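Each ligand, and each atom within it, is numbered from 1 in the order the structure gives. Since we're looking at a predicted model, the values are computed, not measured.
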Amino acid sequence: MRNKLIAGNWKMNKDIHESANLIDELKHKVTTNEKVGVLLCPPYISLVIANTLLKDSPMKLGAQNMNDKDDGAFTGEISARMLKSVGCTSVILGHSERRQYFKETNEYINLKAKKALASQLVPIICVGETLEERESNVTDAVITAQVKGVLAGLSATDMEDVVIAYEPVWAIGTGKTATTEQANQVHKLIRKLVAQMYTWAIAEQLIIQYGGSVNEKNALELLSQSDIDGALVGGASLKADSFAAIVKAGVEASK
Ligand code: PEP
């Protein structure tokens, strides 16, 4: 059975002091086991202190984005090597907010995924349809194009380290959650696509997270679905009690 992965995407929230306080609280409140990985993705400025504070914790550290280049004249950007140097094990790529506000394309996200893998960072690659796309019944076509685009050229070995996050754009930060059936259906589609591109064995070991207004109330039902292997949590990851409850739901669902 696949392990679960609960990740907190803090987005552009928490300065360095607030980050330290939240990590301190999370260290007291989050309990997990070997079947449920926990990942915190604070803003870049908090990664160094987070790495120090998480030294003896089962919680791991991730970033919210990175550049696809090694280094150079790219003002304001951060490379995979820099993330590694502050203890990151993972990086979120292609979040819908990056697609929407920073015009990131599947091709560009694919380049970043390749760089992350070459740098021993686990890429958590986000896909998801907009409300307009769902209402026009093109969800499957959109997800298919995104999955094929972001995974293009990745090897079977690369796929052992890839995580995909299905995040319907209309459910992010809106309080609207996909029904468990809607979510699980898309997760099954993603797994089938990966099986077609690679093998069923690779598809079966792939962790596919759900993201979109996950909270302490809906987490257990979502995480108990056959193809939902974790959660990418935005708003609720900023409150220690809520995030700890979501991790607890993951532990429960993994039994
Ligand atoms: C996210 O940021 O990836 C997300 C799913 O946000 P929220 O949980 O707030 O909807």
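Among residues two or more places apart in sequence or in another chain, the salt bridge (charged side-chain N to carboxylate O under 4.0 Å, His left out) test is passed with Glu221 by none.
Applying the ring pair (Phe, Tyr, Trp, His ring centres under 6.0 Å) definition to pairs two or more places apart or across chains, those involving residues 172-193 are Tyr166-His187. Sequence neighbours left out, not one pair with a member in residues 55-97 passes ring pair (Phe, Tyr, Trp, His ring centres under 6.0 Å).
Near ligand 1, Asn9, Lys11, His95, Glu167, Ala171, Ile172, Gly173, Gly211, Gly212, Ser213, Leu232, Val233, Gly234, Gly235 each place a heavy atom less than 4.0 angstrom from the ligand.
With hydrogens and angles left out, the side-chain atoms of Glu133 and Trp170 include no donor and acceptor closer than 3.5 Å. Donor-acceptor pairing under 3.5 Å is lacking for the side chains of Asn67 and Lys115.
Side-chain N or O atoms of Arg98 include none that pairs as donor or acceptor with a backbone N or O of Lys103 at under 3.5 Å.
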